[in-house]
Student: 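What follows is a structure written as structure tokens; I'll ask about it next.
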Amino acid sequence: HWDSYYSSLPLDELHVPSQFAVFVASECRGAKTIVDIGCGNGRDSVFFSPHFERVIGVDASEAGIAFCNRFAVANSLDNISFREYSVADAGFGKLLEEILIDSKPGEVVFYSRFFLHALTTEEEASFFGSLMKAARKGDRLALEYRTVRDASGEKQTPQHYRRFVS
């Protein structure tokens, strides 16, 4: 679903950041790196660029990552990189460990918006297992996701899988 969705977006499709991204940037002053997990079209990653020294967007969608890389190059965003990984892959945990090598505890924010509810329970367990293994005391985790109370609401992208979190 997501490869098809992102491959059809024009480069000027990025809109204002999510309210959650604005909140996280204001709450995480002093952090140097933010890892946007499930970054999609990179909207929030781009917003984070002036707020963090290093921004790393991660998504399993090849088309999404290609879109993000084209946008970053077209807009000379030098402190952003995008990586294609699924949180269920063993490589995801290794990626997190690599990111942390160049940082001190407390300098990293793991960020994910509207991603957790798109995972199966097995993928969620793998995601949290990788985070628990990699993160250090002082690193931060910021999650926004759909809950069971959101199940009846209208969705912007109704075709994709959702597992509303209890």
Side-chain angles (χ1 to χ4, degrees), residues 1-9 17-21 23-25 27-28 31 33-48 52 54-69 71 80-103 105-166:
H1 169 79
W2 292 113
D3 278 337
S4 174
Y5 180 81
Y6 294 128
S7 64
S8 65
L9 292 178
S18 68
Q19 291 177 334
F20 186 61
F23 170 76
V24 169
E27 291 293 314
C28 294
T33 299
I34 190 159
V35 184
D36 184 358
I37 303 165
C39 67
N41 69 358
R43 173 178 85 157
D44 288 348
S45 297
V46 168
F47 166 76
F48 290 135
F52 296 89
R54 184 169 64 150
V55 179
I56 301 160
V58 180
D59 202 283
S61 170
E62 180 180 358
I65 294 300
F67 176 87
C68 292
N69 282 321
F71 188 90
I80 297 180
S81 65
F82 294 97
R83 315 273 179 84
E84 183 186 340
Y85 281 94
S86 167
V87 298
D89 294 341
F92 176 71
K94 293 186 187 317
L95 171 67
L96 297 181
E97 291 170 11
E98 287 173 23
I99 290 168
L100 294 173
I101 287 173
D102 295 329
S103 64
E107 292 182 344
V108 176
V109 177
F110 298 102
Y111 171 90
S112 187
R113 179 182 178 274
F114 282 16
F115 173 71
L116 189 62
H117 63 266
L119 301 176
T120 65
T121 54
E122 294 81 15
E123 290 168 332
E124 180 183 294
S126 180
F127 171 66
F128 282 120
S130 294
L131 284 173
M132 297 267 307
K133 187 175 178 187
R136 297 119 352 145
K137 185 175 183 172
D139 291 334
R140 293 170 243 181
L141 175 63
L143 300 171
E144 182 179 24
Y145 51 88
R146 297 281 188 191
T147 70
V148 292
R149 291 185 297 189
D150 297 311
S152 63
E154 186 177 331
K155 312 301 182 286
Q156 183 176 352
T157 54
Q159 300 85 357
H160 81 82
Y161 169 80
R162 282 185 184 82
R163 178 183 54 83
F164 296 99
V165 180
S166 175

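For the numbers below, each heavy atom of this structure counts, side chains included, while hydrogens, waters and symmetry mates do not.
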Student: Which atom pair, heavy atoms only, marks the closest approach of Asp44 to Pro17?
Tutor: OD1-CA, 3.7 Å

Student: Give, for atom CG of Leu96 and atom CD1 of Ile37, the distance between the pair rounded to the nearest 0.5 Å.
Tutor: 6.0 Å

Student: Please name all residues satisfying side chain to side chain contact (heavy atoms under 4.5 Å, CB included) with Asp139, sequence neighbours left out, ordered by chain then number.
Tutor: Leu100, Val108, Phe110, Ala135, Arg136

Student: Contact between Phe71 and Asn41 at the side-chain level, heavy atoms closer than 4.5 Å - yes or no?
Tutor: no

Student: Please enumerate all residues that pass side-chain hydrogen bond (donor to acceptor under 3.5 Å, both in side chains) together with Thr33, with sequence neighbours excluded.
Tutor: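 Partners of Thr33 under the side-chain hydrogen bond (donor to acceptor under 3.5 Å, both in side chains) test: Arg54.
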
Student: Are side-chain heavy atoms of Phe128 and Leu141 found at a separation under 4.5 Å?
Tutor: yes

Student: Restricting to ring pair (Phe, Tyr, Trp, His ring centres under 6.0 Å), what partner residues turn up for Phe92, sequence neighbours left out?
Tutor: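 None.
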
Student: Quick check: do Cys39 and Asp59 have side-chain heavy atoms less than 4.5 Å from each other?
Tutor: yes

Student: Residues two or more places apart in sequence or in another chain: which of them pass salt bridge (Lys or Arg N to Asp or Glu O under 4.0 Å) with Arg113?
Tutor: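 Here the qualifying residues are Glu144.
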
Student: What residues form a ring pair (Phe, Tyr, Trp, His ring centres under 6.0 Å) with Tyr85, not counting sequence neighbours?
Tutor: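 Per chain and number, Tyr85 pairs via ring pair (Phe, Tyr, Trp, His ring centres under 6.0 Å) with no residue.
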
Student: If you define the side chain from C-beta out and look only at heavy atoms, does anything of Ile34 sit under 4.5 Å from Ser45?
Tutor: no

Student: Test: salt bridge (Lys or Arg N to Asp or Glu O under 4.0 Å). Region: residues 87-100. Which pairs qualify, not counting sequence neighbours?
Tutor: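 Those involving residues 87-100 do not exist here.
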
Student: Closest approach of Arg140 and Gly106, non-hydrogen atoms and distance?
Tutor: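 For Arg140 versus Gly106, the nearest heavy atoms are NH2-O, 3.2 Å.
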
Student: Can you name the ring pair (Phe, Tyr, Trp, His ring centres under 6.0 Å) partners of Phe82, sequence neighbours left out?
Tutor: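 With neighbours one apart ignored, the set is empty.
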
Student: Is a donor on one side and an acceptor on the other found under 3.5 Å between the side chain of Ser126 and the backbone of Val87?
Tutor: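 Side chain of Ser126 to backbone of Val87, a donor-acceptor pair under 3.5 Å: yes, one is there.
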
Student: Looking only at heavy atoms, which two atoms of Ile56 and Arg83 are closest? And how far apart?
Tutor: CG2-CG, 4.2 Å

Student: Around atom CZ of Phe23, are there more than 12 heavy atoms of other residues, nucleotides or ligands at under 6.0 Å?
Tutor: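 Counting other residues, nucleotides and ligands, CZ of Phe23 stays at 12 neighbours or fewer.
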
Student: Partners of Phe48 by ring pair (Phe, Tyr, Trp, His ring centres under 6.0 Å), sequence neighbours excluded?
Tutor: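 Phe48 satisfies ring pair (Phe, Tyr, Trp, His ring centres under 6.0 Å) with Phe52, Tyr111 once adjacent residues are dropped.
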
Student: How far apart are the closest heavy atoms of Ser18 and Arg43, and which atoms are they?
Tutor: CB-NH2, 3.2 Å

